[in-house]
Amino acid sequence: MIEFIIRRVAQAMLVLFVMTLLVFFGVHVIGNPVYIFASSECTRECLDEIMANLGLDLPIWQQYLMFLGNLAEGDLGKSFTFGVPAMSLIWERFPATLELATASLAIAVAVGLPLGLYAGMRPDSLVSRAIMGFSMLGFSVPIFWIGLIFILTFSVRLGWLPSVGRGQTVQVFGVPVSVLTRDGLAHLVMPAFTLSLIMMSMVIRLTRAGMREVLHADYIRFARASGVRERRVIGLHAMKNILIPVVTVLGMEFASVIAFAVVTESIFSWPGVGKMLIDAIAVLDRPLIVAYLIFVVVMFVTINLCVDILYSLLDPRVRVGGGGP
Amino acid sequence: MTGARLAAAHQARRRFLRGFLAVPSAAIALVVFVAMCTAALIAPWIAPQDPYDLTQVSIMDNLLPPGTEAWSGMTHWLGTDGQGRDMLSAMLYGLRISLLVGILSGLIALAIGTLVGLVAAFRGGWLDAVLMRIVDLQLSFPTILVALILLVILGRGVDKIIIALVVVQWAYFARTVRGVALVESARDYVEAARGLRLGAMRILFLHVLPNCLPTMLVIATIQMAQAISLEATLSFLGVGLPPTRPSLGLLIANGFNFLQSGRWWISVLPGVVLLVLIVSVNVLGDRMREILNPHLRR
Amino acid sequence: MAPVLELRGLRTVFATAAGELPALDGIDLAVSRGEIVALVGESGSGKSVTGFSVTGLLPSVARVVAGSVRLNGTEIAGLRGEAMRRLRGRHVAMIFQDPMMTLNPVLRIGTQMRDALFAHERMGGRAAADRLERALAEVGIAEPRARLRQYPHELSGGMRQRVAIAIALLHGPDLVIADEPTTALDVTIQGQILALVQRLAREKGTALIWITHDLAVVAGIADRIAVMYAGRIVEEGPVDAVLDSPAHPYTRGLIDSVPATHPKGQRLPQIPGRMPTLAELPDGCAFAPRCPRRSGACADRPDPAPAGGGRMVRCFHPLAEGRA
């Protein structure tokens, strides 16, 4: 087990290193940010001074080494536009994204699981077909378009829900949270539901597939043959087998949800890291873009690592030292 | 190929088509998709105006609701957008670009992915390990983020977005083709071909590749829907295509600003076209998988 | 005394693309208290379908369309939902073939046993634990308390089958249907399980239907035997009579193709051809195409007729009794 964990951690570190290289050099190809700061009457000296201020006059490998050194201390440089450390901006915005992503995860499971179970138990019924059609839509229709229809319907036409921002928040342990106020909740509903659709589709498919497979399993027949109540057979005996892959996939997808929040946050002007990234891209705020990417990469690698390790603990059948899914 | 084999292949194709059309939703999707492709292809001839030609577009006619008669006397059945472009024309041209980007990026990614997959499967060893590591790494990151960053680096343009879409798609093909090729190359007929000392390339292209085709076709179709959807999303976010060449996604994005004022048609209409396109491609892909995937065949 | 289980004209069909195909075509069978009846046949002959038809656990494409199933004299054919559930485990229990698949891989043994227990009885946690430990001890499992906390994968195949048997016998059912419960086990373990089930059935007076394709097992355990072919019982009677002097040509063929019963060095006789699938069943005797004794009469369907030694046989040309 220990060996397995060490190997996984080493792999994760390697991926991180490769990603810092890719991100740093990739982003450095983008046009010179100096011109954003320089006014039109700026002279050569003035440009050089700005370059020196931003540390852009050094050779690129030296910049990279500095970047790595600072990264090790958790410093990802100052945002060009805001003039404050990029990481502090990310930490300031991240709770909003996390809240959005968590809410959509909850919606995806709360809606997707029962639908998937139903579709798995009655695969040929009309309702099941409708559910599967819905899940196909959720997979393939761009979420910005769904968000747009929501806004048109519930904000513009019906006027029920606000379409911009987080609304009123409450501080919980110093972190602003929307879900606890009526106003905040009203703001959260549409973006969270929009963002949840992809995951919901995934939950529906996984649950349905799992259900269909499990229902034919001998142990389910045996449980039934022993007189175990149907609710218990489905609710525990089948469910526990179905949930293992669902939980694994959801765990791994959670990071993607945070990435997809980029789109949702732009549509609903949700003040999270995704919206920040789009704004940073618009003004070529390099340190902020790099900081966001490194942040996401670290998050991804960490989540994948945790899921791998958790999976080997969750499923009693997985042998010690065996690989993840 | 002998006449008998040709006839057999022809018959197989007809059986495939008949099986395909046996499901009404697939038949409808096929009709819709072909109609859309045709409309996109002949857009310059059927569109009421050329939305790129500034002499034909008047800013005076902007934001007209559907069915309004414009200054010029032309009736805009689907209204006009913020710059006075006829929505119907803009959508036809937008569809053209969306399809172009989707199909072209899919084909290039298919070619690259197939090559990588076959090489990995046939060479094996360290090369296979390295290639598959790269594929895994690529697939573990969300496509939207990879494409977004690439476009930030590359800038705007039809070619740029195709490059970005190829980069995010090739790995799917590579992984699948490798899997299928590994299974196929373990089969008897490939062993037999090896026994006959046929060249590796000949075995690959004459024996393994044709058997990978059904799977690749299915993935290519589903990937195409994903690519169109992704392109629309990226354009919506303001990276990707230049504003002068609006795809469906960009049209929707433009209309988004007018949504709050109740001018729904500018974003909703191209949205509906995009939706219908993506759904029909997906239905086609699903049906194809049902027919071509022997595991699902009952 | 009424038999524990009595099947009359049981007919079960599978809905397929080719229409409804009869998997069981008029099964008559009775099992008394304490009696062990072996249900023998090739795979696809309808042995398992018979078991599932009784317990109402047929796959969704199959259903019982005709006939009666009487459990302790009460008609249970067509019972569904809660009414059927009340019978399962308490009056009729099942044991399956592969102990690797029978127990839920992600639930502890204790959880699975407790669920089966609470399906029909209410009791406190302490009493339940005692009861389960006793049940495990009864099937010869050492350290039952520790086992309750384990997962199935921590147990050997034989152990798992013992656990499954313990679960099946938990409520002292009147009838146990064992669907090839030893096939997947090692030979030595097979013998142990066989002896265990036989002993428990005798002690508790449980009626037992033992589904198998292994005639050696039948000889060792059963009182009576019913040979199935293509959804019908072709011969049925006391096990010694049937095995010593089969009346149906198919039974003869089955016995002859067991290597152990055959003199060394001679060619092992085989039944030519294979069993027809449900879709290609002939109108008359289903065995006729493979039968060495067939005649024009076999184009009609033979009815069950009494043969010597308390037997019933479905054949126009039964073998003479006593013929070796």
Open item on the list: For A:F150, give me all partners under ring pair (Phe, Tyr, Trp, His ring centres under 6.0 Å), at least two apart in sequence or on another chain.
Closed with: A:F154, A:F193
Open item on the list: For C:R90, which atoms come within 4.5 Å of any heavy atom of chain A: side chain, backbone, both, or neither?
Closed with: neither
- [ ] Over 60° means perpendicular and under 30° means parallel, so classify the ring planes of A:F94 and A:W91, tilted if in between.
- [x] perpendicular
Open item on the list: Looking only at side-chain N and O atoms, does C:S48 offer a donor or acceptor that is under 3.5 Å from a partner on C:D179?
Closed with: yes
Task: Distance-only donor-acceptor check, side chains A:T264 and A:T194, under 3.5 Å - done: no
Open item on the list: Applying a heavy-atom distance below 4.5 Å, give me the residues of residues 220-227 of chain A that approach chain C, sorted by number.
Closed with: A:R221, A:F222, A:R224, A:A225, A:S226, A:G227
Open item on the list: So which residue, C:A168, C:G89, C:P59, ends up with the most heavy-atom pairs under 4.5 Å with chain A?
Closed with: C:G89
TODO: Say whether, by atom type as modelled, one donor and one acceptor occur between the side chain of C:Q112 and the main chain of C:N104 under 3.5 angstrom.
DONE: yes
- [ ] Over all heavy atoms of both residues, which pair between A:Y219 and C:L103 is shortest? Give the atoms and the distance, please.
- [x] CB-C, 3.6 Å
Open item on the list: Could you tell me if C:H213 and C:E42 have a donor-acceptor pair between their side chains, going purely by distance under 3.5 Å?
Closed with: no
Open item on the list: Please classify the contact of C:S60 with chain A as side chain, backbone, both or neither, using a heavy-atom distance under 4.5 Å.
Closed with: neither
Open item on the list: Side chains of A:S256 and A:E253 only: does a donor on one sit below 3.5 Å from an acceptor on the other?
Closed with: yes
Open item on the list: Give the interface residues of residues 120-139 of chain C toward chain A, defined by a heavy-atom separation under 4.5 Å.
Closed with: C:H120
TODO: State, without any angle test, whether A:R122 and A:S128 hold a side-chain donor-acceptor pair at a distance under 3.5 Å.
DONE: no
Task: Nearest heavy atoms of C:G158 and C:I189, plus distance in Å - done: CA-CG2, 3.6 Å
Under 3.5 Å donor-acceptor pairs involving side-chain atoms of residues 101-116 of chain A, not counting sequence neighbours:
| residue | atom | partner | partner atom | Å |
| --- | --- | --- | --- | --- |
| A:T102 | OG1 | A:L98 | O | 2.5 |
| A:S104 | OG | A:L100 | O | 3.2 |
| A:S104 | OG | A:A101 | O | 2.9 |

Open item on the list: Can you see whether C:D115 engages A:H237 through a side-chain donor-acceptor pair at a distance of less than 3.5 angstrom?
Closed with: yes
Task: C:T102, part contacting chain A, at a heavy-atom distance under 4.5 Å - done: both
Open item on the list: Counting only non-hydrogen atoms closer than 4.5 Å, does C:F118 touch chain A with its backbone (N, CA, C, O), its side chain (CB onward), both, or neither?
Closed with: backbone
